[in-house]
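Okay, structure first, notes after.
Below, each value reflects all heavy atoms present in this structure, side chains not excepted, and no hydrogens, waters or symmetry copies. Every value quoted in this text rests on a predicted model; they were computed, and no experiment measured them.
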Amino acid sequence: ALPKLMRSYIEKKCLCYDAVIVDEGQDFIPEAWDIISMLAAESGDFYIFYDPDQNIYTKELKLPDFGIPPVVLNKNCRNTKKIFEALQPYQSIQSQILENTPAGADVHILHGDCLLNLERQLDKLLTYEKISTQDVVILGAHSLEHTSLCDKTQIGKYKIITQDKCPSQSEVRYFTYMKYKGCESKIVILLEVDESDPRWNHNGIYTAMSRAVHHLIILKK
């Protein structure tokens, strides 16, 4: 419905821009590109930035054909070396990391009772290491009510919230990794990672893991 409405609006308003820049291009359905292409002037610039490994919405990644090969941006400028190394099995495009990138903390993968492990990790990070709750985010594959946190708003000393706001020192934010696409946090805790769950496929795991800048903790069932 949206591409049809957009086409009608563009035709009525005669919208035309000197430059069109599309971010997260892998998230757009193929039918949308014909409409988006109408926004660019004939001699204008049209850029699409996309990551095929973050294609978590569309079954088919089909972008406009500009008749020129894409420019591959293969420098990782976000993650520590340890997180970068953990991402390698999930990447389809070979990438590099800057030489002066810090090694960072080990990626911790914990198995067993996810809620117990979550409570222990939050206590360690926030209580003993005195890390700000603003620097920690919990990411999952499902909305909060469809996780083991469904009826637990309190984990140990900390309240789990789903609002995109600045948390207090007793609050920790939870999002699905889909909602958190394009964002990053110094410390990311992945909750209930289960590779038998279709949402925790290669692209989903890569997208979630790559949100972590300094420290990544993976809680597996």
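- Looking only at side-chain heavy atoms (C-beta outward), Ser210 and Tyr90 stay at 4.5 Å or farther from each other.
- At least one side-chain heavy atom of Leu149 sits under 4.5 Å from a side-chain heavy atom of Ile155.
- For Thr153, there are no side chain to side chain contact (heavy atoms under 4.5 Å, CB included) partners at least two apart in sequence or on another chain.
- Nearest heavy atoms, Met178 versus Ile56: CG-CD1, 3.6 Å.
- You'll find the side chain of Lys179 reaches within 4.5 Å of the side chain of Thr176, heavy atoms only.
- With hydrogens and angles disregarded, no donor-acceptor distance shorter than 3.5 Å links the side chain of Thr127 to the backbone of Lys124.
- In terms of heavy atoms, Val213 sits closest to Arg78 at CG1-O, 3.4 Å.
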Under 3.5 Å, which donor-acceptor pairs link side chains of residues 33-45 to any protein atom two or more places apart or in another chain?
residue: Trp33; atom: NE1; partner: Lys62; partner atom: O; Å: 3.3
residue: Ser37; atom: OG; partner: Trp33; partner atom: O; Å: 2.7

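- Atom CD1 of residue Ile29 and atom CG of residue Leu61 lie 13.0 Å apart, to the nearest 0.5 angstrom.
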**Request:** Test side chain to side chain donor-acceptor pair (under 3.5 Å) on Asp135 and His214 and set out the steps.
**Result:** CA-CA 10 Å; Asp135 295 331; His214 297 311; over 6 Å; no

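- Considering only heavy atoms from C-beta on, Tyr177 comes within 4.5 Å of Arg199 through its side chain.
- When all heavy atoms of Asn203 and Pro52 are compared, the closest pair comes out as ND2-O, 3.6 Å.
- Here the straight-line distance linking atom NZ of Lys152 with atom OG1 of Thr147 works out to 10.5 Å at 0.5 Å rounding.
- Here the closest non-hydrogen pair linking Gly140 and Tyr174 is CA-OH, 3.3 Å.
- Partners of Gln169 under the side chain to side chain contact (heavy atoms under 4.5 Å, CB included) rule, at least two apart in sequence or in another chain, are Ser132, Thr133.
- Put simply, the side chain of Arg211 never gets that close to the backbone of Glu184: no donor and acceptor are under 3.5 Å apart.
- Proximity of Tyr50 to Glu24: side-chain heavy atoms (C-beta onward) are nowhere separated by under 4.5 Å.
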Validation: residues 1-20 side-chain donor-acceptor distances under 3.5 Å, sequence neighbours left out:
none

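- Contact check for Arg173 versus Asp164: side-chain heavy atoms found under the 4.5 Å cut-off.
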Using a 3.5 Å cut-off and no angle test, enumerate the donor-acceptor pairs between side-chain atoms of residues 188-195 and protein atoms at least two apart in sequence or in another chain.
residue: Glu192; atom: OE2; partner: Ser148; partner atom: N; Å: 3.2
residue: Glu192; atom: OE2; partner: Ser148; partner atom: OG; Å: 2.2
residue: Asp194; atom: OD1; partner: Ser196; partner atom: N; Å: 3.1
residue: Asp194; atom: OD1; partner: Ser196; partner atom: OG; Å: 2.6
residue: Asp194; atom: OD2; partner: Ser196; partner atom: OG; Å: 3.1

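- Checked by atom type and distance alone, the side chain of Asp53 never pairs as donor or acceptor with a backbone atom of Tyr206 at under 3.5 Å.
- Taken to the nearest 0.5 Å, the CG atom of Leu126 stands 10.5 Å off from the CD atom of Gln121.
- Few gaps surround CZ on Phe66; more than 12 heavy atoms of other groups in view lie less than 6.0 Å from it.
- In this structure, Leu115 CG and Leu118 CG are separated by 6.5 Å, a value rounded to the nearest 0.5 Å.
- Of all heavy-atom pairs between Gln26 and Asn55, the closest is O-OD1, 3.4 Å.
- Taking a 6.0 Å sphere around NZ of Lys159, one finds it holds 12 or fewer heavy atoms contributed by other residues, nucleotides or ligands.
- Contact record, Trp200 with Ile205: O-CD1, 3.3 Å, taken as the closest heavy-atom pair.
- The line from CD1 of Ile187 to CG of Leu216 is 10.5 Å long, rounded to the nearest 0.5 Å.
- Two residues are said to be in side-chain contact when any heavy atoms from C-beta on lie closer than 4.5 Å; Phe49 and Tyr47 meet this criterion.
- Inter-residue side-chain proximity for Thr207 and Lys181 is flagged as met; some heavy-atom pair is nearer than 4.5 Å.
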N/O donor to acceptor pairs below 3.5 angstrom from side-chain atoms of residues 93-110, sequence neighbours left out:
residue: Ser95; atom: OG; partner: Gln91; partner atom: OE1; Å: 3.1
residue: Ser95; atom: OG; partner: Gln91; partner atom: NE2; Å: 3.4
residue: Thr101; atom: OG1; partner: Leu98; partner atom: O; Å: 2.9
residue: Asp106; atom: OD1; partner: Lys82; partner atom: NZ; Å: 2.5
residue: His108; atom: ND1; partner: His215; partner atom: NE2; Å: 3.2

